[in-house]
Each structure stands twice: as structure tokens, then as C-alpha cells.
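Below is one structure, written out as C-alpha cells; the observations come after it.
What's counted below: heavy atoms across the whole structure, side chains too, no hydrogens, waters or symmetry copies. Both ligands and their constituent atoms are indexed starting at 1 by order of listing. These figures come from a predicted structure and were not determined experimentally.
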Amino acid sequence: MDKTRLRLAIQKSGRLAEDSFELLKLSGLKIQPNKSGLFYRVKNFPLDLLLVRDDDIPGFVADGVADLGIVGSNVFEEFSLTHADKQSNTLLPLGFSKCTLNIAIPSEQNYNSMADLAGKNIATSYPQILSKALAAKNITANIVEMHGAVEVAPKLGIADAICDIVSSGATLEANGLKSVENIFTSQALLLKTKSQLGPEKEQSLSRLLSRIEGVQACKETKYIMLNAPQTALPEITKLLPGADAPTVMPLEGQNGAVAIHAVCRESVFWETMENLRDAGATSILVLPIEKMMV
Ligand code: PRP
Ligand code: ZN
């Protein structure tokens, strides 16, 4: 393997892949796609991408086939529970591809507690995480391991319940299932191999990390501008999500009215804007921040 170019394993296609490519793009990386679809070179940074199935990523990073990997913590946890001997470092949570691992049953069935699952057949691609969750509640069930199409298992009579990833909930709904337990909360993680990288790669990695941290800071941070009567200032300041001290400027020729500018370190939702308006704010603008170095 090249001693100077980092190798990052990412998902070939799927939601995690989209989010991973987006992060790399926002980090200023120009990716050169190639026909093989397996190995992409980054033109303006000493980094190459290995495009693989997400389930293969923790193993590739643990074995040093890739220096880095982006994978859901669900897949990473399942791998780690299965292969105690194959370790990687978690560098940082990436805050995207958020989902939960839920147990779901046919919608028409009653459910009181996890004890209802005792002795049942539960289909899942995450047998280790599921068995750990069941064991924590002292419940014995029969785990049916499936890879793909888990959500149709109850309809086919293969299982009584399933344990699968839920993001929007559309898959469960389309299959007449309802979620009854949330056993794991997942988001994308950046993994690093335990193998030595050498000084050049370590230096590239720290540059990459500082860009990723900048992207993360920007994503949540917004610049908000609004006008309001001076008297509404205390209430409005309270409503601004995660803001440092706002800048307050008098509005020329408008008695008692001020312009308020603030950097908000949390998402600004429509509800927040409605509350600001109700508190007397007008001309509310929320602007994205393009780049940030923290
Ligand atoms: C997961 C899961 C469901 C779907 C749920 O698969 O297996 O099929 O997403 O999402 P929803 O709640 O928005 O409908 P995914 O394609 O993300 O990954 P996987 O096939 O690698 O498990
Ligand atoms: Zn997968």
C-alpha cells in the first residue's frame, strides 16, 4: 500500500454513501471517479477511497486494508461484538446517517413489554446486538439471522418479530409492522486502523480531521439577523438557539427599533422563527455559514 496516501473505506452505495460523499465534498476533496467503481482517487489531497459494502468496512480497517473507514455505529458494534480480536479506533462520531435499531412486530398485535418476546422468533441482521439487548432483560428468544429483506420475515412466517434499522419508519409501515423497542442508536463513525500509519499519513489525517471538524461546526451553525423593538430584546435573546452574545444595532430613523445579529450554534427551526416573530421580530433572516475554522 502507498505509504503517503491515506486509504479511506466508504460504503459503495446507499444512504451512508451519500452522506459520506457529501462530507468529503464539503471538506474540499475533489474525487476522481473511475470505471472500476472500487477505488477512487482524490485529486487534491493525499487520499484514496475504497468503495465497499458497509458491512465489510470494520474488518478492512481492523486488518489495515484501509487506514480509515466511515461506517454506521450499528455495523461497527455488531462487528466488534462478533470479532473481539479485531479492533479499530473510533476517531469521532460524524453526526449523520442517524438511525435506530428497533424491534418491530405486526401492527395489529398487542405489546406490553420485552417479556412478550420470550420464546419468539426474531429475524435480524444484527444477532449480536439483539442478543445482548435480550440478555440485559433476561429474555430468551430465538434469533433468526437474515441478511436483507428482514422486514418481510413476519409475512413469510419466518419470524414473529424483526429487529432492524429504522430511519424514517417507512419500511416498517409499508410492511405492516410497528416498532416496540429501540435497542440501539446509531450514527456514522470515522474509524482508524490500529496499524501504524507513518508520519506522512498521520499529518494528512490531522489535516483531514480539522476540515471535518470545521464542516461539522458549520452544519449546525447559522447566522441569524432580525429587527425588533428594543423592548423585546430580552425575550428574543432567550429564544436564539445556542447563541453567544448577539450584536445589537439601532435602526436608523426607527424609534426604539434595533437590528439583532447572532451566530447560533444549534439548528434554527421554523418553530423558532415563529416564536421570534411572536416575540416581535420582523425581517428574520437565517443564513448558512460557508466555512469555519475552530
Ligand atoms: C435499512 C433497513 C430498512 C431501511 C429502513 O436498510 O434495513 O430496510 O433501512 O429505513 P426507513 O425506516 O427509512 O424505511 P439500509 O438500506 O439503510 O442499509 P443496509 O441494507 O445496509 O442495512
Ligand atoms: Zn449493509
Just jot down the ligand 1 atoms closer than 4.0 angstrom to any heavy atom of [X], in number order.
X: Val166; result: 12 (O)
X: Gly169; result: 11 (P), 12 (O), 13 (O)
X: Ser168; result: 11 (P), 12 (O), 13 (O), 14 (O)
X: Asp54; result: 21 (O)
X: Asp164; result: 2 (C), 3 (C), 7 (O)

Any donor-acceptor pair under 3.5 Å linking the side chain of Thr100 with the backbone of Phe184?
no
Would you find a donor on one side and an acceptor on the other, under 3.5 Å apart, between the side chain of Gln187 and the backbone of Lys98?
no
Could you go through the side-chain hydrogen bond (donor to acceptor under 3.5 Å, both in side chains) check for Asn74 and Tyr126 one step at a time?
CA-CA 8 Å; Asn74 54 327; Tyr126 299 88; 2.9 Å; yes
With side-chain contact (heavy atoms from CB on, under 4.5 Å) as the test, pick out the partner of Asp160 among Leu117, Val144, Ile122, Asn121.
Asn121
In this structure, atom 14 (O) of ligand 1 is nearest to the protein heavy atom Thr171 OG1, 2.4 Å
How far is atom 22 (O) of ligand 1 from its nearest protein heavy atom, and which residue and atom name does that atom have?
Tyr126 OH, 4.1 Å
Before moving on, can you tell me the angle at the Zn ion (ligand 2) between the OD1 atom of Asp55 and the OD1 atom of Asp54, to the nearest 10 degrees?
60°
Taking the basic N atoms (NZ, or NE/NH1/NH2) and the acidic carboxylate oxygens, is any pair closer than 4.0 Å for [X] and [Y]?
X: Asp48; Y: Arg7; value: no
X: Lys178; Y: Glu173; value: no
X: Lys192; Y: Glu202; value: yes

Heavy atom of protein inside 4.0 Å of atom 11 (P) of ligand 1, strictly below
yes
If we count only non-hydrogen protein atoms and require a distance under 4.0 Å, does atom 19 (P) of ligand 1 qualify as touching the protein?
no
Sub-3.5 Å N/O-N/O distance, Arg15 and ligand 1:
yes
May I ask you to check if ligand 1 and Gln11 share an N or O to N or O distance below 3.5 Å?
no
I'd like to know whether CG of Asn110 has more than 12 heavy-atom contacts from other residues, nucleotides or ligands below 6.0 angstrom.
no
